Amino acid sequence: MTDLICRKSMTRCLTPGMCSPHGGCRPEDSHMRAIRSLRGDCADLIAERDQLRAEVAGLRTGYEAYERVNAELKAKNDAIRAAYMASGEREHELRVERETLRKAVTYAVDMFSRVSSGDGSGHADIGRAVLRIAGAALGQGEQS
């Protein structure tokens, strides 16, 4: 038995003889087999297209998540960089402060050295004590 094709829907006739208003059904020929094959190919391509669309949507979602994480990491990096720069500025301030204190202590030691080299023996004890304190403050240990 040959397959009949409906002239209206161009698909296999399910009810032979019922399509008379449309010209009836006719036997399937090579052109109809080619059309049926192309329809099958088209359905496969549509399914593949839908699968690729879903895959692209998943990749887009993943990329958006990557962008969010990347932005968060950049913000953290900027915060760390700012903290590092601030610590460098603080370190510079501490160096300046330490140098200022060093100069002040050196001046005080110099002044007390002058006082202790005078004629009073008590002044010499004060001078030696100040020299020991100044030396310890400068990180040089005790001075005598």
Side-chain angles (χ1 to χ4, degrees), residues 1-117 122-144:
M1 176 175 181
T2 62
D3 290 331
L4 296 176
I5 302 297
C6 176
R7 290 185 186 195
K8 178 182 178 188
S9 64
M10 300 304 258
T11 60
R12 179 172 296 175
C13 183
L14 301 176
T15 55
M18 300 300 285
C19 301
S20 59
H22 307 289
C25 297
R26 63 181 173 185
E28 182 177 23
D29 55 6
S30 62
H31 297 295
M32 293 309 297
R33 282 190 293 276
I35 289 172
R36 183 175 294 136
S37 174
L38 289 174
R39 284 185 177 164
D41 292 345
C42 186
D44 292 343
L45 290 173
I46 289 171
E48 185 178 351
R49 179 204 62 196
D50 293 343
Q51 179 184 357
L52 290 172
R53 282 183 176 170
E55 196 174 318
V56 166
L59 290 172
R60 185 174 291 129
T61 301
Y63 182 75
E64 289 168 355
Y66 157 79
E67 285 291 322
R68 282 192 303 275
V69 169
N70 195 28
E72 290 171 8
L73 290 175
K74 283 182 180 180
K76 286 181 183 179
N77 189 40
D78 291 344
I80 290 170
R81 181 175 286 133
Y84 175 75
M85 296 302 286
S87 70
E89 291 171 5
R90 179 66 181 140
E91 184 178 340
H92 176 71
E93 291 171 1
L94 290 173
R95 284 183 187 152
V96 169
E97 186 178 337
R98 185 176 61 215
E99 189 59 32
T100 303
L101 287 172
R102 186 184 309 268
K103 288 177 183 177
V105 169
T106 302
Y107 176 76
V109 168
D110 184 47
M111 295 306 290
F112 278 106
S113 294
R114 290 181 189 174
V115 168
S116 66
S117 65
H123 292 291
D125 292 337
I126 292 172
R128 280 192 289 274
V130 169
L131 286 173
R132 278 195 303 271
I133 293 169
L138 292 173
Q140 299 172 352
E142 285 195 15
Q143 301 264 337
S144 52

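If you're wondering where the values come from, they're calculated on a predicted model, not measured in any experiment.
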Visitor: Taking side-chain contact (heavy atoms from CB on, under 4.5 Å) as the criterion, tell me which of Arg90, His92, Arg98 meets it with Leu94.
Guide: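 In the set Arg90, His92, Arg98, the residue that makes a side-chain contact (heavy atoms from CB on, under 4.5 Å) with Leu94 is Arg90.
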Visitor: Looking at Arg95 and Glu99, is any side-chain nitrogen of the basic one under 4.0 Å from a carboxylate oxygen of the acidic one?
Guide: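 A salt bridge is absent here (no side-chain N lies under 4.0 Å from a carboxylate O).
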Visitor: So do the side chains of Val56 and Arg53 get within less than 4.5 Å of each other, counting heavy atoms only?
Guide: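 Not touching, per the 4.5 Å side-chain cut-off.
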Visitor: Go through the steps for Thr100 and Glu97 under the test side-chain contact (heavy atoms from CB on, under 4.5 Å), then give the verdict.
Guide: CA-CA 5 Å; Thr100 303; Glu97 186 178 337; 5.6 Å; no
Visitor: Check this for me: Glu93, atom CD, are more than 12 non-hydrogen atoms of other residues, nucleotides or ligands nearer than 6.0 Å?
Guide: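 Atom CD in Glu93 is crowded, with more than 12 foreign heavy atoms closer than 6.0 Å.
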Visitor: Should we say atom CD of Glu48 is surrounded by more than 12 heavy atoms from elsewhere, each under 6.0 Å from it?
Guide: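 No - once you tally the heavy atoms of other residues, nucleotides and ligands closer than 6.0 Å, there are 12 at most.
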Visitor: List the steps, then state whether side-chain contact (heavy atoms from CB on, under 4.5 Å) holds for Asp78 with Arg81.
Guide: CA-CA 5 Å; Asp78 291 344; Arg81 181 175 286 133; 4.0 Å; yes
Visitor: Could you tell me the separation between the CD1 atom of Ile46 and the CG atom of Asp41, rounded to the nearest 0.5 Å?
Guide: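 Going from CD1 on Ile46 over to CG on Asp41, the span is 11.0 Å.
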Visitor: Kindly compute the distance separating CG (Asn70) from CD (Glu67), expressed to the nearest 0.5 Å.
Guide: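 One finds 6.0 Å between CG of Asn70 and CD of Glu67.
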Visitor: Are more than 12 heavy atoms from other residues, nucleotides or ligands located less than 6.0 Å from atom CZ of Arg49?
Guide: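 Count over threshold, so yes.
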